[in-house]
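The structure presented is a predicted model; accordingly, all values stated were derived computationally and were not measured. Quick note on labels: first sequence line is chain A, next is B, and so on, each numbered from 1.
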Amino acid sequence: MKIYLEKIISECILKLGYPAKTIQIEIPKDNKFGDFTTNTAMLLAKELKSHPRNIAQQITENLEYDKDLINKIEIAGAGFINFYISDNYYFRELSKILSLKNDYGKSEINTGKTANLEWVSANPTKPLHAGHGRQICLGKAIANLLEWSGYKLTREYYYNDAGNQMRILGMSVHARYEQIFNPNFPFPEDGYQGDYIKDIAEKIYSIHGDKYRNCENIDYFITTGEEYNFQSIRNTLEKLNIKHDIFFNESSLYENGAIEKLMSDFKSKKLSYLKDGAVWLKSIGEHEHEKDKVIQKATGEYTYRLPDMAYHIAKLNRNYDLIMDIFGADHVDTYREVLHGIGMLGYDISKIKVIIHQMVVFKTGKEKVKMSGRYGTFYSLDDLLEDIGKDATQFFFIMRGANSQLEFDIELAKEQSDKNPVYYLQYAHARICGILRHAGEVIPEIDKLLETSVDFKILNDKYELELLKQLTKFPDEVESASLTYEPHKIITYLNKTAECFHVFYRNNKVIIPSNINLTLARLKLCLSVKQVLKNGFNIIGISAPERMERTEE
RNA sequence: GCGCCUGUAGCUCAGCAGGAUAGAGCAACAGCCUUCUAAGCUGUGGGUCAGUGGUUCGAAUCCACUCAGGCGUGCCA
């Protein structure tokens, strides 16, 4: 509908010889201002040096529109043009929801384009902790949004199985292994403290006994640790139904010479220089005020920046239309450096979009939960999933915008009560399922009747129409959320939708055996609410329960 | 010090490509189950949108500065 209004207004402006403007169509907060509104006349007023209301007058008088869809057009306030949409339009949309089913809300703005989303990308040095959850759930939802907007999407996981961190992992496992024989064996100062390291060591012991004692080479401990941790990470992701298409290994960038080439490119373009035995990358242009960064250490090893740059070049070479990364706020500088580095070499970095999310503070009621993985205690993502379930986990991680710091109240998320906002949405879905079950009991031939067409004009009560209007906003909401990569908008929308449904439910009985036509129309309305809720749930990743019952009072 | 993010109701947060009386949930208070699930609905109270200036017909939204919090500012990733 928005698109239709944009079209007729711009045609009208053209006809009147007014300068072209991008037409902004909005849904007013208050429905007394109609179903849609535009401020076009106010935007034109300045250039035409005329009163907004006069311009609005001109536009409305010359507008050509389908009178079956638009009931009334009014000028209001300072020069808003308000459109009152005919119920017929909404009834058409209702049929559309029922026929498109799981596809209702999908948009084609990015059809034919490809995108790559890289996220999670934790190195296999430890299990995923609860804090990772934000990025994981956010990424899952954004991935869905990208697909809903038409992209053909590749989900990617980048990891590093070489380098310093993995060596520390190997040394940690090795020390725990030796401690099985000699409790006094020294543990490396910067080693990984978690109990999972002991588990890995014990696993090695149970299979190989003392075969690896006094071993000079820790490679075996590294690879075993890596395999163990990766298995753990993948298990956790699987619980959340996340499947990456590509696991991209940093070491492949060394093997195919990409790193070497990058080094020599920087050198030949005089973007890098040698100082104190290390190779430094210059900060130029808008980054001039920043410190130059080391890309190759005096030891000859490369810092993380270089492979990261090579990796992004590799992705650019795969010709995606959109390359997207998700990082926590602790990595802001890293991605800037990466983009700056490859930008200096002339790569088109405009295709790369980076989402930064702020950090999470976990709380149980008022108490802050310490997340330090460094010294032992460690709240893992598995623990969180175990404690509060995967629906609540995903909902809580997604419900806030990525830019705000997230306060995650584990007590609240755990609570199986009306305080918990997840249930508000799911309950609406379960309630509809309850109605449908009941319909089958009262009217045995209901399935057959539902296949026949119904005149929706019978839906003329204000709660019915409000609910219906809310449903038809879904495609716009999905499109808007996918353009800004903000899945929390879907939650905001679903909340409103659930509210409309609950209000409708409170005021209207659906199953009225004495009035079969009204029953059918309302049942179809319920079916479409169910469909929209389910589609929204699919995007944010939560389940659509058929029933919800409290186990205890 | 510098860079990025944030500051909206008692609490947690929406709203921010400028638009009509600033919203939700929780908390508080008062109501609603002989009705398809009360994990629901209805109502009341609660705000100098951190502050100050600026741009504009119009600012929570844009700009500048100030104050407060988070993250970063490693030859760690």
Any A:Thr303 side-chain N or O less than 4.0 Å from OP1/OP2 of B:C76: no

Position toward the 5' end of RNA chain B (nearest nucleotide), A:Asp30 or A:Val503: A:Asp30

Phosphate-side-chain proximity, A:Lys297 and B:C76, N/O vs OP1/OP2 below 4.0 Å: yes

Side-chain N,O (A:Tyr424) to OP1/OP2 (B:C41) below 4.0 Å: yes

Sugar-phosphate, base or nothing in reach of A:Asn495, heavy atoms under 4.0 Å: nothing

Sugar-phosphate, base or nothing in reach of A:Asn507, heavy atoms under 4.0 Å: nothing

Side chain A:Asn82 and base B:A20 donor-acceptor under 3.5 Å: yes

Side chain to side chain, A:Tyr273 and A:Asp292, heavy atoms closer than 4.5 Å: yes

Polar pair under 3.5 Å, donor/acceptor by atom type, side chain A:His488, base B:A14: no

Cation-pi geometry met for A:Arg431 and A:Phe501 (6.0 Å, 45°): no

Touch class at under 4.0 angstrom, heavy-atom based, for A:Gly277 against every strand present: nothing

Candidates B:C71, B:A39, B:C4 - which lies nearest the side chain of A:Asp418: B:A39

A:Tyr505 vs B:A38: side-chain N/O to OP1/OP2 distance below 4.0 Å: yes

Nearest-nucleotide pick for A:Lys291, side chain only, options being B:U12, B:A77, B:U73: B:U73

Distance test, side-chain N/O of A:Arg431 to OP1/OP2 of B:A38, below 4.0 Å: yes

Any side-chain donor near an acceptor of the partner, A:Tyr311 and A:Glu250, under 3.5 Å: no

Counter-base of B:G43, judged by Watson-Crick or G-U geometry with both distances under 3.5 Å: B:C29

Pairing partner of B:C2 (Watson-Crick or G-U wobble, both distances under 3.5 Å): B:G72

Base B:G72 paired with A:Asp330 side chain (donor-acceptor, <3.5 Å): no

Touch class at under 4.0 angstrom, heavy-atom based, for A:Lys293 against every strand present: nothing

Spacing of the P atoms in B:A27 and B:A39 (rounded, Å): 14 Å

Residue A:Ala278, side-chain atoms from C-beta onward, closest of B:U21, B:C76, B:C75: B:C75

Lys/Arg N to Asp/Glu carboxylate O, A:Glu415 vs A:Lys419, below 4.0 Å: yes

Upstream residue (5' side of RNA chain B) when A:Phe80 and A:Ile356 are each assigned their closest nucleotide: A:Ile356

Distance test, side-chain N/O of A:Lys419 to OP1/OP2 of B:A39, below 4.0 Å: no

Nearest-Å distance once atom P is located in both B:A64 and B:C5: 11 Å

Sugar-phosphate, base or nothing in reach of A:Asp292, heavy atoms under 4.0 Å: nothing

Nearest-angstrom distance, C1' atom, B:C41 to B:A22: 24 Å

side-chain N/O A:His502 vs B:U37 OP1/OP2, d < 4.0 Å: no

Touch class at under 4.0 angstrom, heavy-atom based, for A:Ala45 against every strand present: nothing

Donor/acceptor link under 3.5 angstrom from A:Tyr304 side chain onto base of B:A77: yes

Flag for A:Gln470-A:Thr497: side-chain donor and acceptor within less than 3.5 Å: yes

Minimal non-hydrogen separation, A:Ala413 against A:Phe408, with atom names: CB-CE2, 4.0 Å

OP1 or OP2 of B:A77 under 4.0 Å from side-chain N/O of A:Asn160: no

Donor-acceptor under 3.5 Å (A:Thr519 side chain, A:Ile512 main chain): yes

A:Thr37 (side chain) and B:A20 (base): donor-acceptor pair under 3.5 Å: yes

Inter-nucleotide C1' distance (B:U52, B:A68), Å rounded: 15 Å

